Visitor: 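Below you'll find the structure I mean.
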Amino acid sequence: MTIRLYDTSARQIRDFTPVQPGCVSIYLCGATVQAAPHIGHIRSGLNFDIMRRWFEYRGYDVTFIRNVTDIDDKIINKAHEQKRPWWAIGYENERAFNDAYAALGCLPPTYEPRATGHITEMIEMMQGLIERGHAYEADGNVYFDVRSFDGYLELSRQELDNLLQPSGEGETGKRDPRDFAMWKAVKPGEPSWPTPWGPGRPGWHLECSAMAHKYLGTAFDIHGGGLDLIFPHHENEIAQAKAFGDDFARYWVHNAWVTMAGDKMSKSLGNSVLVSEMVKQWRPIVLRYYLGTPHYRSMIEYSEESLREAEVAFARIEGFVQRALEKAGGEVEPATEVPPAFAEAMDDDLGVPQALAVVHTTVRQGNSALAADDKEAAVARLAEVRAMLGVLGLDPLDPEWAGEGGERGEDLHGVVDSLVRLVLEQRESARGRKDWATADAIRDQLGQSGLVVEDSPQGPRWSLGPR
């Protein structure tokens, strides 16, 4: 068994060899909490949640770090616009992100450090870089000297002479326009922290280098994030960390975007779909299926039609799970091992689409067993399906999804169930009288209301159908 991952720095799929045998260390660039999350934000967390689950299935002890950038130009600008404290905006949106991760079934990280909680580590890193000749102070700012580090731009593969480094307001005193800010001198009305070079606040890139060093040490396995972070963020992280003396990340893994009309989903473009609104329209487990089942390196073009297709596809899986569970007449635990074809797909750069094809094949086999009244085969297929869905975080029988609708949703489910049962009793009475027209009319009316009625040996049952 060898897990293989596409390494952005090598531009190829590589066999995974951990720094420490039996352990996996992952650092994922998390949220910049200037606004509530849209589904494009959450896709990254979800993709790496599946990666983490697969490593754990394969027996690794996983340390998963997902940071929070709670100080940033965008947060400060929002604070000025809304006339609110910067920290209030950050905390409000940090909670919104955590609610969104939890709603879509992402496991909590091992640690979730905030940038503002690690100013000391950032100052220590800057001091070390200045002493080594890789950084300098100017006008209260601290800059990284990109020409001092030979490996600069190896990740993004750009030419230094053609580089246009993003630069913020107030970044004065640079020796070279390509140098980037690690620390920004204080400006009126902005938050600041004391340093040997004067009051100011951290630059975005420094935050992650310092936090990765603190929680994962000088060398770790995987650094993840969206494609848009390759440059400048990840490139500058590498420069700071390696110039400081760290080996840093061995593998760089980047997920693709969620797009609308071909553009990356973003707040600035006004084309984002908030998770808090989406979970009111769609079941969270269906959203997870939609966002988590395409390959992590492929773009997802958002549309309601594709969401409906995901809903129908998951309903097929869920329908089999429910029917097979009834046939079993009791609990059916997940199999101890997933089918070999599923494992082979997941080992190959987390090939979720190919793994999902194995799930659907197994569901079809299970449905055939149910049709043939082969209880043993149906239960065996259910155990396999549960094992595979568990790896993907999509097992509808997992306690994670037991209260999917929330307390109010559970209350409403009970009310609806009571009402539907009354109607089904009327249908059963009509069937008993052999009044098939009335029985069919009741079933059709329920169908128009979005409910699917199935007749089973245990009697009729209902479920929510695809919208």
Side-chain angles (χ1 to χ4, degrees), residues 27 29-34 67-80 85-87 89-90 113-149 151-153 163-215 218 223 225 229 231-246 248:
Y27 186 94
C29 283
T32 299
V33 287
Q34 87 274 11
N67 76 293
V68 176
T69 297
D70 61 341
I71 186 68
D72 177 83
D73 289 338
K74 295 175 182 177
I75 297 171
I76 294 171
N77 291 339
K78 282 287 175 68
H80 290 158
W86 62 271
W87 44 263
I89 290 173
R114 295 190 185 108
T116 56
H118 298 79
I119 301 298
T120 299
E121 290 83 357
M122 297 178 205
I123 292 173
E124 290 174 353
M125 183 167 278
M126 286 188 289
Q127 287 175 323
L129 289 169
I130 289 173
E131 290 168 3
R132 291 169 175 79
H134 293 292
Y136 58 94
E137 182 274 338
D139 301 334
N141 302 294
V142 178
Y143 299 109
F144 186 91
D145 180 354
V146 298
R147 291 189 180 275
S148 72
F149 179 64
Y152 193 58
L153 300 179
L163 181 67
L164 294 174
Q165 185 80 255
S167 187
E169 182 184 352
E171 294 185 11
T172 59
K174 284 186 180 182
R175 296 174 184 170
D176 187 309
R178 299 167 185 82
D179 295 344
F180 62 86
M182 294 190 293
W183 191 261
K184 301 184 179 186
V186 66
K187 294 197 283 290
E190 289 191 352
S192 66
W193 290 261
T195 75
W197 314 284
R201 60 183 176 85
W204 178 31
H205 317 305
L206 178 65
E207 297 171 354
C208 286
S209 296
M211 288 187 283
H213 177 88
K214 178 177 177 66
Y215 291 94
T218 59
H223 196 310
L229 300 184
F231 181 84
H233 187 47
H234 289 166
E235 195 73 77
N236 292 350
E237 276 189 66
I238 293 169
Q240 292 164 152
K242 291 195 171 184
F244 185 68
D246 290 357
F248 212 48

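Only heavy atoms go into these numbers, but all of them, side chains included; no hydrogens, no water, no symmetry mates. Here the structure is a predicted model, which is why all the values come from computation and not from measurement.
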Visitor: I need the minimum non-hydrogen distance between Ile119 and Thr116, along with the two atoms involved.
Guide: CG1-O, 3.7 Å
Visitor: Would you say Asp179 and Tyr136 make side-chain contact, with heavy atoms under 4.5 Å?
Guide: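 Side chain of Asp179 against side chain of Tyr136, heavy atoms only: contact under 4.5 Å found.
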Visitor: Could you walk me through whether Trp193 and Thr120 pass side chain to side chain contact (heavy atoms under 4.5 Å, CB included), step by step?
Guide: CA-CA 10 Å; Trp193 290 261; Thr120 299; over 6 Å; no
Visitor: Angle between ring planes, His134 versus Phe149, binned at 30° and 60°: parallel, tilted or perpendicular?
Guide: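 If you compare the ring of His134 with that of Phe149, the planes turn out perpendicular.
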Visitor: Any heavy-atom pair between the side chains of His118 and Tyr215 that's under 4.5 Å?
Guide: yes
Visitor: Please examine the side chains of Glu235 and Leu153, heavy atoms only from C-beta on, and report whether any two atoms are closer than 4.5 Å.
Guide: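 Side-chain contact under 4.5 Å: yes.
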Visitor: If you compare all heavy atoms of Ala241 against all heavy atoms of Phe248, which two are closest, and at what distance to 0.1 Å?
Guide: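 For Ala241 and Phe248, the tightest heavy-atom pair comes out as CB-CD1, 3.3 Å.
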Visitor: Apply the test side chain to side chain contact (heavy atoms under 4.5 Å, CB included) to residues Arg132 and Ser148: give CA-CA distance (whole Å), side-chain angles for both, the deciding distance (0.1 Å), then the verdict.
Guide: CA-CA 10 Å; Arg132 291 169 175 79; Ser148 72; over 6 Å; no
Visitor: Check Pro202 against Ile71 and note the closest heavy-atom contact, atom names and distance.
Guide: CG-CG2, 3.8 Å
Visitor: Tell me whether Gln240 contacts the main-chain N or O of His205 through its side chain, where contact means a donor paired with an acceptor under 3.5 Å.
Guide: yes
Visitor: Under the salt bridge (charged side-chain N to carboxylate O under 4.0 Å, His left out) test, which residues partner Arg175, sequence neighbours left out?
Guide: none
Visitor: What's the shortest heavy-atom distance between Asp70 and Val33, and which atoms?
Guide: CA-CG2, 3.9 Å
Visitor: Hey, can you tell me if Trp204 and His233 have their rings parallel, tilted or perpendicular (30° and 60° cut-offs)?
Guide: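 Taking His233 first and then Trp204, their aromatic rings lie parallel (interplane angle under 30°).
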Visitor: Looking only at non-hydrogen atoms, find the nearest pair between Ala181 and Tyr143 and report the distance.
Guide: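 Of all heavy-atom pairs spanning Ala181 and Tyr143, the closest is CA-CD2, 3.7 Å.
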Visitor: Does Cys208 reach the side chain of Cys29, with side-chain heavy atoms less than 4.5 Å apart?
Guide: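 A side-chain contact exists here, since the closest heavy-atom pair is under 4.5 Å.
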Visitor: Determine, step by step, whether Met182 and Leu129 satisfy the side chain to side chain contact (heavy atoms under 4.5 Å, CB included) criterion, reporting the C-alpha distance in whole Å, the side-chain angles of both residues, the deciding distance to 0.1 Å, and the verdict.
Guide: CA-CA 11 Å; Met182 294 190 293; Leu129 289 169; 3.7 Å; yes
Visitor: What is the ring orientation for Phe144 with Tyr152, classed by angle as parallel under 30°, tilted 30 to 60°, or perpendicular over 60°?
Guide: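 Geometry flag for Tyr152 against Phe144: tilted rings.
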Visitor: For Lys174, check salt bridge (charged side-chain N to carboxylate O under 4.0 Å, His left out) against everything at least two apart and list the hits.
Guide: Glu171
Visitor: Would you tabulate the side-chain donor-acceptor contacts of residues 183-192 under 3.5 Å, counting partners in other chains and residues two or more places apart, or write 'none'?
Guide:
| unit_1 | atom_1 | unit_2 | atom_2 | d |
| --- | --- | --- | --- | --- |
| Lys184 | NZ | Asp73 | OD2 | 3.2 |
| Lys187 | NZ | Glu169 | O | 3.4 |
| Glu190 | OE1 | Arg201 | NE | 3.2 |

Visitor: What distance separates Lys214 NZ from Ser209 OG, expressed to the nearest 0.5 Å?
Guide: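 Answer for the NZ-OG pair, Lys214 versus Ser209, is 15.0 Å.
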Visitor: With the side chain counted from C-beta on, respond yes when Phe244 and Gln127 share a heavy-atom pair under 4.5 Å apart, and no when they do not.
Guide: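 Contact flag for Phe244/Gln127 side chains = no.
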Visitor: Quick one, Leu229 with Glu237, criterion side chain to side chain contact (heavy atoms under 4.5 Å, CB included). Give me CA distance, side-chain angles, the key distance, then yes/no.
Guide: CA-CA 10 Å; Leu229 300 184; Glu237 276 189 66; over 6 Å; no
Visitor: When you compare the side chain of Gln34 with that of Asn77, does any pair of heavy atoms fall below 4.5 Å?
Guide: no
Visitor: I'd like to know if the side chain of Asp72 and the backbone of Lys74 have a donor-acceptor N/O pair within less than 3.5 Å.
Guide: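 Yes; judged by distance alone, with no hydrogens or angles, the pair exists.
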Visitor: Do the charged groups of Arg178 and Asp176 touch, with an N to O distance under 4.0 Å?
Guide: yes
Visitor: Less than 4.5 Å apart, side chain to side chain, heavy atoms only: is that true for Asn67 and Arg114?
Guide: no
Visitor: Using every non-hydrogen atom in the two residues, find where Thr32 and Ile75 come nearest and quote the distance to one decimal.
Guide: CG2-CD1, 4.4 Å
